[in-house]
Amino acid sequence: MIDKYNPVDVESKWQKRWEESGLYRVDNNASAPKWYALTMFPYTSGDLHIGHWYAMAPSDVYARFKRMQGYNVLHPIGFDAFGLPAENAAIKRGIHPKDWTLSNIENMRRQLKSLGAVYDWDREVITCLPEYYKWTQWFFLKMWQAGLAYRAKAPVNWCPNCHAVLANEQVVNGECWRCETPVIRRDLEQWFFRITKYADELMRHDGLDWPERIKIMQANWVGRSEGTEISFALEHADMEEKEIRIFTTRPDTIFGVTFMVLAPEHPLVQKLTTSEHKAEVEAYIDKARHCSEIERLSTERKKDGVFTGSYAINQLNNEKVPIWIADYVLLSYGTGAVMAVPAHDERDFAFAKKYQLPVKVVVAPPQWDGNVPDEAYTEPGLMVNSGQFDGTESTSAKTAISEYIEQQGWGKRVVSYKLRDWLVSRQRYWGAPIPAVYCDKCGIVPVPEKDLPVLLPDDAEFKPTGESPLKSNPGFVDTTCPCCNGPAKRETDTMDTFMCSSWYFMRYTSPHFTQGAFDTEQVKKWMPTDIYTGGAEHAVMHLFYSRFFVKALRDMGLVSFNEPFKRLFNQGTVTHEHQKMSKSKGNVVNPDKYVSELGADTVRAYLMFIGPWEQGGDWDDSGIYGLSRWLGRIWNLALDDYEEKNCETTDVANLKNLLRLMHQTIRRATEDMERLRFNTMISALMEFSNYLGKIHDAGSVQRADYNKAVCTLLRLLAPTAPHFAEEVWSRLGYSYSIHNQRWPEWDPALAQDDEIPLVVQVNGKVRDKLMVPSSVTETEAKNLALGSPKVQIFTDGKKLVQAIYVPRKLVSLVVE
RNA sequence: GCCGAAGUGGCGGAAUAGGCAGACGCGACAGUCUCAAAAACUGUUGGGGGGUGACCCUCAUGUCGGUUCGACCCCGACCUUCGGCACCA
């Protein structure tokens with residue numbers, strides 16, 4: 001009798017052996033074709049939870065599969081280590097963000113090693129170390145040189161009590177999470193990257209194997225719309241500004257404008273507000289400052305606004321219309337001002353109803369009776385009340401009116417985007433310092449490349465308010481100007497952590513390179529990544545910033561490809577008790593206890609088995625023992641003595657059946673691997689191992705054939721359960737290591753079924769299933785179907801109207 | 001609210017291009033082993049109805065409607081749940 005499978009001993013033994021033998025070290029110069037399988041690196045939150053494993057285990061399986069197919073696979077790991085949670089820990093618990101982060105990394109590294117992945121730890125990348133962020137800073141300088149970085153005012157969440165900028169997650173119901181003071185929006189001068197320059201290119205995903213839904217989300221994120229920028233004359237004689245510019249996608253409705261709406265933050269609001277409306281306008285602006293953008297844009301929410309007291313002139317018909325402000329208009333989109341056409345826009349209509357503003361129809365709805373309808377009519381139609389454009393189609397009037405406006409010099413056709421430039425400044429400590437210096441004489445000066453990195457000082461004092469400690473650190477702030485050597489001050493803002501994660505995948509190709517951010521030769525060899533897997537929560541932002549980075553670098557001549565990630569795959573989220581796992585909810589599932597009880601291989605297999613990878617699911621460990629039992633059964637059928645019984649007389653048929661199932665299993669497993677459908681891949685292996693179990697008990701094929709089948713099963717299982725497969729492999733006397741073996745290939749002839757089930761339907765209902773030779777022809781199939789007694793019960797005495805044949809699947813008979 | 005997904009037995013899920021609904025696993029029930037239990041193994045297992053039986057009929061893929069010889073799959077409307085919404089990462 002063989003000993004029982006003991007995962008804990010087996011796993012630690014092989015992890016040690018793999019490390020000692022350097023089995024997973026990636027050689028840049030190996031002759032095999034390269035395959036870059038990238039997984040999103042984890043944030044250094046402390047413990048890996050089961051959700052991390054859900055991201056890491058299947059992607060490791062896929063990398064191992066590619067490895068067995070003969071590729072030189074790069075499947076690296078690292079840590080996204082800058083960010084807000086480290087700072088929060090510092091404020092709350094008095095731990096320095098650096099210590100917190102590095103000790104978390106140590107723990108996470110231990111957990112990741114227990115996973116048994118093919119990571120080459122020599123290539124680990126950690127974004128908060130100076131050797132890494134030096135180059136993040138260098139990229140900032142490159143963006144600046146390329147004209148892609150600029151400074152502008154942008155609103156931040158501001159707690160007036162703490163005197164600190166708050167992240168969105170630190171604002172709870174409009175209040176500061178620490179002191180519950182209502183949060184306001186305040187403008188600060190900040191750094192931006194001109195991502196909008198690449199808007200059109202970022203909308204396209206030419207040649208990319210990405211999920212359709214992600215492409216759509218990204219295209220919607222760019223939100224390209226073609227429209228017209230039109231100026232409305234201002235009545236104010238004593239004002240410098242003589243016009244308001246608005247953006248509209250409906251220039252055809254311009255004769256229907258009955259009022260104007262500006263965003264409360266619009267720079268002209270102060271000047272346009274007359275003294276009798278001042279108090280009301282101020283109060284409204286103050287209220288708007290307390291609202292989030294999501295609230296403001298909600299179409300469900302009651303639209304409100306206030307009148308400024310001023311008027312604008314619609315230059316097409318010289319009508320005088322009142323100027324209002326309302327928070328449903330955002331300063332960040334278009335020009336921050338809209339012309340309101342209540343008759344043909346739902347929001348404007350609701351607003352006009354509320355404040356009894358006039359509604360003027362300029363595009364006639366079908367069978368229009370000349371009255372104002374009960375709701376906005378937003379479809380095309382015939383133009384009315386529109387001067388010389390009356391009687392034309394509104395769709396053509398769109399162009400005609402735009403051209404007319406351009407001729408008159410009142411505006412121009414423009415393309416507008418919802419996409420906004422990337423705000424990279426953060427008023428925080430735990431990030432890469434922005435390499436800029438402020439000099440009274442020379443202005444804003446970039447830190448020279450030779451002076452990088454601008455080191456983040458360790459001696460930071462964390463005030464309970466959350467204010468950035470860099471501001472009050474004279475040793476950091478006070479410096480000399482790189483131009484004039486005079487006294488100067490450093491930029492105290494740090495960079496958005498999305499900066500760090502926008503290029504880490506290139507650093508992996510040459511992580512110890514000191515002459516630059518990456519070795520161009522290695523990037524050329526490995527990039528773009530063949531596959532990128534990670535959480536769907538990154539569908540837009542992280543992926544968008546990374547794509548922008550690569551395109552900007554391409555235009556600087558630093559890389560020679562257009563897109564970083566050829567294939568993208570987003571795995572789903574693992575929830576627990578149907579909620580997102582988080583420490584604050586206390587529902588975090590730690591994989592360690594399952595690993596120490598059942599082994600990493602069982603946890604890996606179970607995570608892959610619970611459902612399609614892209615769907616995620618709720619964590620429930622009740623099924624995990626099934627996977628543990630399955631490995632135990634394979635252990636027995638592989639290592640228990642095999643005894644042939646009577647197979648001399650029956651082995652031809654038995655062997656044929658075994659080989660058929662084996663080759664079908666190889667085919668299913670290979671195809672499922674490529675599709676990243678690990679749940680059905682494991683099902684296929686289970687069906688095969690169940691069958692092998694029966695053969696083992698019956699002894700119904702010859703020993704050598706049985707052993708070959710077991711050998712195939714082990715290789716198919718090796719990516720999923722790497723330690724287990726290695727152990728059984730070695731016990732069977734095969735040479736080290738199973739992970740250097742080739743992935744099995746299937747023979748289509750052997751996988752072919754001799755007979756297939758043919759379904760027969762009568763009037764859409766299944767009435768019989770016939771086993772027919774797989775070579776069956778259409779005529780044969782139809783005759784067999786009509787000849788079936790079960791079918792004849794339903795066809796006798798009736799007229800055959802139609803007989804549909806689906807090759808090798810079914811015959812559908814229609815009778816009446 | 002806007003953008004993007006998902007909804008199938010008691011549970012996780014399968015059905016690759018519109019063609020056998022429920023593969024595989026869990027759980028449950030019954031059995032083997034045992035003094036007993038656990039573990040392991042074997043068998044049964046969507047609902048309803050019929051047949052001594054091999055089996056047969058019928059209903060069923062969130063809800064309501066549509067297209068089709070045929071719909072989990074396509075179309076329309078709705079309900080519920082989840083991801084993102086630019087300073088969580």
Side-chain angles (χ1 to χ4, degrees), chain A residues 40 42-45 80 82-85 88 154 156-157 165-171 211-214 216-221 223 292-301 332 418-428 496-498 501 535-542 544-545 570 572-573 575 578 580 582 606 609-612 614-618 620-627 629-630 632-633 636 668 671-672 675 677 679-680 682-687 690 693 697 757-766 768-769 790 793 801-804 806 809-815:
Chain A
M40 289 178 190
Y43 176 71
T44 50
S45 53
D80 185 15
F82 271 139
L84 189 64
N88 290 338
V156 292
N157 302 312
V165 175
L166 301 180
N168 287 340
E169 74 159 15
Q170 297 172 318
V171 180
E212 211 50 44
R213 60 175 199 277
I214 307 289
I216 292 168
M217 273 194 262
Q218 291 205 343
N220 290 340
W221 186 259
S292 75
E293 261 182 36
I294 293 176
E295 284 168 347
R296 284 175 58 167
L297 280 175
S298 168
T299 48
E300 212 50 355
R301 190 166 154 259
S332 54
K418 283 209 189 82
L419 179 68
R420 309 204 289 252
D421 276 337
W422 178 7
L423 197 168
V424 295
S425 302
R426 296 292 181 270
Q427 294 70 41
R428 299 190 207 299
D496 179 5
T497 53
F498 278 125
S501 55
E537 68 274 20
H538 294 295
V540 182
M541 302 182 65
H542 158 63
F544 220 73
Y545 295 134
N570 290 117
T573 318
T575 54
H578 301 282
K580 220 175 160 175
S582 78
Y606 181 58
F609 187 65
I610 50 175
E614 71 262 34
Q615 242 166 65
D618 197 54
D620 169 7
D621 62 15
S622 62
I624 197 168
Y625 299 96
L627 276 291
R629 278 200 285 267
W630 177 52
R633 280 197 294 271
N636 291 338
R668 283 172 66 186
E671 288 171 358
D672 282 345
R675 294 192 301 143
R677 292 296 290 258
N679 55 330
T680 47
I682 290 179
S683 297
L685 299 192
M686 283 175 169
E687 284 176 53
N690 287 347
D697 294 346
L758 182 76
V759 174
V760 186
Q761 294 185 344
V762 180
N763 288 350
K765 290 196 169 169
V766 177
D768 201 4
K769 297 165 199 174
K790 285 181 189 169
I793 296 170
V801 182
Q802 209 184 344
I804 294 155
V806 181
K809 275 194 180 143
L810 102 168
V811 174
S812 180
L813 304 170
V814 186
V815 295

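Just so it is clear: chains get the letters A, B, ... in the order the sequence lines come, proteins before strands, and each one is counted from 1.
Of the residues near RNA chain B, D618(A) and V759(A), the one whose nearest nucleotide (by heavy atom distance) lies more toward the 5' end is D618(A). Residue-to-nucleotide proximity on RNA chain B shows that, of D620(A) and N679(A), the 5′-proximal contact is made by D620(A).
In this structure a side-chain-to-backbone donor-acceptor pair under 3.5 Å is missing from N157(A) to V165(A). Looking only at distances, no side-chain donor or acceptor of Q615(A) sits under 3.5 Å from a matching main-chain atom of P612(A).
G9(B) takes the syn form, because its glycosidic angle lies no more than 90° either side of 0.
Considering only side-chain N and O atoms, R213(A) lies nowhere under 4.0 angstrom from the phosphate OP1 or OP2 of G83(B). Within the 4.0 Å cut-off from OP1 or OP2 of C26(B), at least one side-chain nitrogen or oxygen of R629(A) is found. The shortest distance between the side-chain N/O atoms of R677(A) and the OP1/OP2 oxygens of U16(B) is not below 4.0 Å. In terms of phosphate contacts, K765(A) brings no side-chain nitrogen or oxygen within less than 4.0 Å of OP1 or OP2 of G70(B). Dashed line: the shortest gap from a side-chain N or O of N220(A) to OP1 or OP2 of G4(B) is under 4.0 Å. Phosphate proximity of C24(B) to N690(A): absent, as no side-chain N or O sits under 4.0 Å from OP1 or OP2.
Comparing the P positions of G22(B) and U58(B) gives a spacing of 16 Å, expressed to the nearest Å.
Under 3.5 Å, the side chain of Q761(A) and the base of G19(B) form at least one donor-acceptor pair of N or O atoms.
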